[in-house]
Amino acid sequence: MGSFLYAPFVHTTNKMTCGQVRALFTYVVSGLSAFFLVYLLMPVAHWLAWKTQLLDIPRGRKGHSQPMPLSGGIAMFVGMLIVSAFFAGVQKTVAVLAVGGAVLMAIGWVDDAYKAKQKDFPALPKLLIQLSVGMMVFFFDIRFRGVSLTWLGGDDGAFVTFPLWISFLATVIWIVGLINMVNFLDGVDGLAAGATIFSAVTLFFLSMVKGQDLTALLAVALAGAALAFLRFNFYPAKIFMGDAGSMFLGFALAIISLEGTMKGATLISLVVTVLALGLPVIDTLQVMISRLLAGSPMYQADRRHVHHRLMSHGLTAKQTVVVLYVVSFLFSALSLFLFYFQKI
C-alpha cells in the first residue's frame, strides 16, 4: 500500500507508537485536504453547470423554486480521487474507484442533462451501467469472499468460502444496491451528503481499529469531500450533487465496505457494516416493501421515502434532515458499540 502508514490501530499496547501517531496525522491531513480541495472546486463546479446549462429546473415534486446547478458531484469525485491517489498511490483499489466512479459520473451526467431539459432518462441504461461497474469491481478481485460462522470473530471459527457465483451475485448486488440507496436519499437538501458523512466516518473508525489502512484513508477522504459539499448543499442549497454525485457516493461506500469491514467478514461484522450504512439501507427496504404491498413498480418515483413521509407529517425540509441526521448518528453509534463489545 505504499509507505504512508506503518502502524495499524490495533490494541497491542496502551500507548500509541510513533507509527500510529503518524498514521493518525495522515488521516487528519487527508480528510482536511479532501475538504479544502472540494471546497475550492465547488465554485468551479457551479460555473461549469451554468456554462453547460446543467441545471435542475423546478417542476413537479421539486422542492426548490430556482434553477439549481447539478454539478456538485464532480467536485467531490475529483477532490476525493486526487487526495486518495496522493496519499495512497495509484494502486488497485484507488484505480477501481477512479474508473468505476468515472463511468458512473458519465452516465449520471447524461441523466442530469436530461433533467436539465425537463426530460426523464430511462432507468434501464443506468442499471446496465451500474451492473457493468459491479462486474468490473468483482473481476478486479474486490468482492465478497465468504463469512466466518464465529459470532465473536475468534480464530477458531469456521470460515465458509462462497462459491464463485454466490460471491459474484453478492458483490454486484451490494454495489448496485448501495449506488441506488444513496441516490434514493438525494431528495432533500443535505440529506444524502450528511448520511454519507456519518457512514464514511463510521467505516473510517472500523477500518482504523482493524488496521485496514487503505480503506480508513478512503473513508476519511470521502467524509471530507462530502462535508465540503454539504457546506453548499445544506438547506437552502446552492448546488445539487446530481445523479452523478449520488451514484459516486454510493459506489465509494460500497468499495470501502467491501475492502474494509466486509473483508473476511464474521456474521457480526456484516451486521455492523449494514448498521454503519443504516439510513440508506432502511429507507430503501421500507420503500421496496411499501411498493410491493401497494403493487407499484419498484423503480417508479413516488413519495414513499422516509424524508417524504416526515415532511408529509408537517416537518420542514430542515427539520426532516436534522431528524434523519440523528437517526444516522444512532445507527453509527450502534454499529461502533457492537464492533467494540463483540470483539470483531
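All values reported here derive from a predicted model rather than from experimental measurement. Side chains included, hydrogens not; waters and symmetry mates left out as well; all remaining heavy atoms used. Residue indices begin at 1 and follow the sequence shown.
A donor-acceptor pair is defined here as one N or O able to donate and one able to accept, closer than 3.5 Å; such a pair exists between the side chain of Ser132 and the backbone of Leu128. Under the 3.5 Å distance criterion, the side-chain polar atoms of Thr171 are matched with a main-chain donor or acceptor of Phe144. For the pair Ser71 (side chain) and Ile74 (backbone), a donor-acceptor distance under 3.5 Å is absent. Side chain of Glu259 to main chain of Ile256: no donor-acceptor pair is present (N/O by atom type, distance under 3.5 Å, no hydrogens or angles). Counting only distance, with no hydrogens or angles, the side chain of Ser199 and the backbone of Ala276 share a donor-acceptor pair below 3.5 Å. Under the 3.5 Å distance criterion, the side-chain polar atoms of Asn233 are matched with a main-chain donor or acceptor of Gly190. The closest donor-acceptor contact from the side chain of Asn180 to the backbone of Val176 lies under 3.5 Å. Remark: the backbone N or O of Pro163 is not paired with any side-chain donor or acceptor of Ser167 at under 3.5 angstrom. For the pair Asp112 (side chain) and Asp243 (backbone), a donor-acceptor distance under 3.5 Å is present.
Tyr27 and Phe204 have perpendicular rings, their planes meeting at more than 60° on a 0 to 90° scale where under 30° would count as parallel. Aromatic ring orientation, Phe232 versus Tyr39: tilted (interplanar angle from 30° to 60°).
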Mind running side chain to side chain contact (heavy atoms under 4.5 Å, CB included) on Leu191 and Leu279 for me, showing each step along the way? CA-CA 10 Å; Leu191 181 55; Leu279 182 58; 4.0 Å; yes
Show, in sequence, the C-alpha distance, side-chain angles and deciding distance for Ile175 and Gln130, and conclude whether the side chain to side chain contact (heavy atoms under 4.5 Å, CB included) test is met. CA-CA 8 Å; Ile175 292 170; Gln130 292 167 5; over 6 Å; no
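The shortest non-hydrogen separation linking Ala226 to Thr196 is CB-CG2, 4.3 Å.
Open room surrounds CZ on Phe205; 12 or fewer heavy atoms of other groups in view lie less than 6.0 Å from it.
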